[in-house]
Structures are given as C-alpha cells and as structure tokens.
Amino acid sequence: MVKLRPSIPDFSFTTTPDYRNRLEKIVIDSLPVGIKLLARNFARSTASSYWLLRKTTKRGPQWLTLRIATHPVWLKHAQQLEILWGDPHHFDLLKNLLQTHLNHTEMKASFFQMSGTDLSTLKLLVELERHQLIWYIRMTPDIAQAHKLQRFDLVSDFPKATLMLGDRNNANHLLIRMDHPEFQRKIAQLFGQNLLFSQFTKHQLLKLLPTNQWLQPIVSEIEVPENWQY
C-alpha cells in the first residue's frame, strides 16, 4: 500500500522582502528589555522562521533560538522557544502570541551559553566547511522516509545514528565514519539550537550544515580558545 504524503500548503507569499521585513519588525517590537535580535533565517518551503536572540548577563552573553512556525519542530528535545502561528497571514495574532510568550520567565529555559568546548566545536565546523567538508548522519529508514513527519529525538535517536564526515557537494564521496559518542552528543546539541541546519539527501543521509549567519555573531563576541584543535 502506497502512503500518500499530505499536500503542502503554498507559503510562497512569506518569501517576499516586504513580508519578512514586517515579520522582523513585529519580532523586534515584542522583545523584552535587554534582549536583542542578532540574526534570522527562513525555511525555504514552509512559513517557518528562526531568530537568534541575545542577552547580556554577569556570566557573559547568552543566546536563544526563537522558532515561529505553523507546525511543531520535528526535532524532539531541541533547545528552542517555539511559537506556533497557525495563520501566517494573521499578524495581529502573532503579535499577541509574542507578547504573551516573550517574557524572561518563559524564555529562561531556552537560553544557552557557549562553553570553550562549544566554541571549539563551532570553529571546527567552520574550518571543515571551508574545505567543503560537513557532517552527515545516517538515519533509520522509517525516520528518513517520513521526511520530518516523524519526530527525531536528539537524545535517543541521534546518538544511534551513524555520524560521518563527507563532501558537502557529493554525499557519495569520502564519508568517513566517526565513532565518538561525546562529540556526537555535542553535534546533536548544536543542531537542536539551530546552529546547524539540515538537508535531506539520498541513502537516508541528513546533511548537517553550519548556520553561518548565526555562528559569526557568536564567535565575534566570544574569543574562540587558541587550543580549539585539541
């Protein structure tokens, strides 16, 4: 029996500069005092948008991923503050949702701070990509075939997936397996914070690419350890 995928709504209207500028203004106007918007990125085929927020604390800067979308994120245990906006035409509704949920109490659990290990890992990701190398994971057939219609648990599913280093432009090239559970958990964490974004490819592989427009503001504010290679 052939499983039919549900039809995908047409969200092309959300890709126009005017739409995205209006959306950005609403987000900025809804931020609590002391929290700043640093970067944004938009999903290509859906109305989902992601916003990198920052606040300054006595322990240094902290960041938060704000996700605004019409459907829940497919990643379980992602460290993001999610705002579900059922009708992306309805800006008044979004404004109300943001004013309700963007408060220091609700945002607290979603903030993250970069450790030396985190920054070293980000530096590694950037340097590898400069040489056209990225990380791949091989998912189980059921999760791969569902194409985000099935939840992918970063705590239980991700560590079981095969992690490989490969050519960014050719998933058949290289693919060196990495067996390092601690490093794989770190990659899962960064993926859940949207510091890595994903692209499906063949053979049940998922590309994990650095979200460079987010990494640059972070590494520009905190010095990467000189011994990051170790």
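In this chain, numbering begins with 1 at the start of the sequence shown.
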Review point. When rounded to the nearest 0.5 angstrom, what distance separates CD in Q62 from CD in Q113?
Key: 4.5 Å
Check your understanding: For F152 and Q150, what are the C-alpha separation, side-chain angles and deciding distance, and is it a side chain to side chain contact (heavy atoms under 4.5 Å, CB included)?
Key -> CA-CA 6 Å; F152 185 48; Q150 180 172 329; over 6 Å; no
Review point. Which residues satisfy the salt bridge (Lys or Arg N to Asp or Glu O under 4.0 Å) test with D87, sequence neighbours excluded?
Key: none
Exercise for review: Calculate, to the nearest 0.5 Å, the distance between atoms OG1 and CD1 belonging to T56 and I35 respectively.
Suggested key: 10.0 Å
Check your understanding: CZ of R177: more than 12 outside heavy atoms within 6.0 angstrom?
Key -> no
Check your understanding: What heavy-atom pair brings R67 and P72 nearest, and what distance separates the two atoms?
Key -> NH1-C, 3.5 Å
Check your understanding: Does Q99 reach the side chain of N96, with side-chain heavy atoms less than 4.5 Å apart?
Key -> yes
Review point. Is the number of heavy atoms from other residues, nucleotides or ligands within 6.0 Å of NZ (K123) greater than 12?
Key: no
Point to revise | Qualifying side-chain hydrogen bond (donor to acceptor under 3.5 Å, both in side chains) pairs with a residue from residues 154-163, counting only residues at least two apart or across chains | key: D153-S156
Check your understanding: Can any side-chain N or O of H104 pair as donor or acceptor with the backbone N or O of V33 at less than 3.5 Å?
Key -> yes
Practice item. Return yes if some donor-acceptor pair links the side-chain N/O of Q80 with the main-chain N/O of S110 below 3.5 Å, else return no. Key: no
Review point. Can you find a pair of side-chain heavy atoms, one from L125 and one from L190, that are under 4.5 Å apart?
Key: yes
Check your understanding: ring pair (Phe, Tyr, Trp, His ring centres under 6.0 Å) with W135: which of F183, F191, F158?
Key -> F183
**Study point:** Common cluster, L208/V155, ILVMFWY with side-chain heavy-atom separation under 4.5 Å
**Key:** no
Practice item. Could you tell me the separation between the CG atom of L206 and the CG atom of L163, rounded to the nearest 0.5 Å? Key: 11.0 Å
Review point. Checking R54 side chain against L64 main chain: does a donor-acceptor pair fall under 3.5 Å?
Key: no
Check your understanding: Which ILVMFWY residues can you reach from L205 by hopping between side chains whose heavy atoms are under 4.5 Å apart?
Key -> I134, Y136, M164, L175, F197, L209
Exercise for review: Say whether, by atom type as modelled, one donor and one acceptor occur between the side chain of E129 and the main chain of N212 under 3.5 angstrom.
Suggested key: no
Exercise for review: Check the surroundings of atom NZ in K207: do more than 12 heavy atoms from other residues, nucleotides or ligands lie under 6.0 Å from it?
Suggested key: yes
Point to revise | Nearest non-hydrogen partners of L31 and L37, listed with the distance | key: CD1-N, 3.7 Å
Check your understanding: Is L102 close to L81 at the side-chain level, that is, under 4.5 Å between some pair of heavy atoms?
Key -> yes
Check your understanding: Same cluster for M139 and L165 if Ile/Leu/Val/Met/Phe/Trp/Tyr side chains link at under 4.5 Å?
Key -> yes
Practice item. Measure across R20 and A43 and return the closest heavy-atom pair with its distance rounded to 0.1 Å. Key: NH2-O, 4.3 Å
Study note, to complete from the structure: Shortest non-hydrogen pair, H77 vs L154, comes out as O-CD1, 3.9 Å
Exercise for review: Indicate yes or no: does R185 engage E182 in a salt bridge with an N to O separation below 4.0 Å.
Suggested key: no
Exercise for review: Calculate, to the nearest 0.5 Å, the distance between atoms CG and CG belonging to N103 and L98 respectively.
Suggested key: 11.5 Å
Practice item. Apply side chain to side chain contact (heavy atoms under 4.5 Å, CB included) to the pair M107 and K55, showing each step before the final yes or no. Key: CA-CA 11 Å; M107 299 170 78; K55 71 175 179 180; over 6 Å; no
Exercise for review: Output yes when a side-chain donor or acceptor of E82 lies under 3.5 Å from a complementary backbone atom of V73, and no otherwise.
Suggested key: yes
Review point. Can you name the closest pair of heavy atoms from H71 and S48 and give their distance?
Key: CE1-OG, 3.4 Å
Review point. Is the shortest heavy-atom distance from the side chain of W214 to the side chain of Y50 under 4.5 Å?
Key: yes
**Study point:** Flag for D142-T140: side-chain donor and acceptor within less than 3.5 Å
**Key:** yes
Point to revise | Heavy-atom side-chain proximity of N194 to N41 below 4.5 angstrom | key: yes
Exercise for review: Would you sort out whether L195 and M114 count as a side chain to side chain contact (heavy atoms under 4.5 Å, CB included), showing the intermediate values?
Suggested key: CA-CA 11 Å; L195 297 175; M114 289 283 108; 3.9 Å; yes
Review point. Roughly how far apart are L52 CG and R40 CZ, rounded to 0.5 Å?
Key: 13.0 Å
Exercise for review: Kindly give the heavy-atom pair with the smallest separation between G60 and T57, and that separation in Å.
Suggested key: O-OG1, 2.6 Å
Check your understanding: W85 side chain to H90 main-chain N or O, any donor-acceptor pair under 3.5 Å?
Key -> yes
Check your understanding: Could you give the distance from CD1 (I83) to CG (L94), rounded to the nearest 0.5 Å?
Key -> 8.0 Å
Point to revise | Under 3.5 Å donor-acceptor, T65 side chain and Q193 backbone | key: yes
Review point. Would a distance-only check, ignoring hydrogens and angles, find a side-chain to backbone donor-acceptor pair under 3.5 Å from S120 to T117?
Key: no
Point to revise | Expected output: side-chain Q189 to main-chain D118 donor-acceptor under 3.5 Å | key: no
Practice item. Please test L38 against I218 for side chain to side chain contact (heavy atoms under 4.5 Å, CB included), starting from the C-alpha separation and ending with a verdict. Key: CA-CA 9 Å; L38 283 193; I218 291 176; 5.7 Å; no
Point to revise | Note, T15 side chain near F42 side chain (heavy atom, < 4.5 Å) | key: no
Review point. Does F200 have its ring centroid less than 6.0 Å away from the ring centroid of W74?
Key: yes
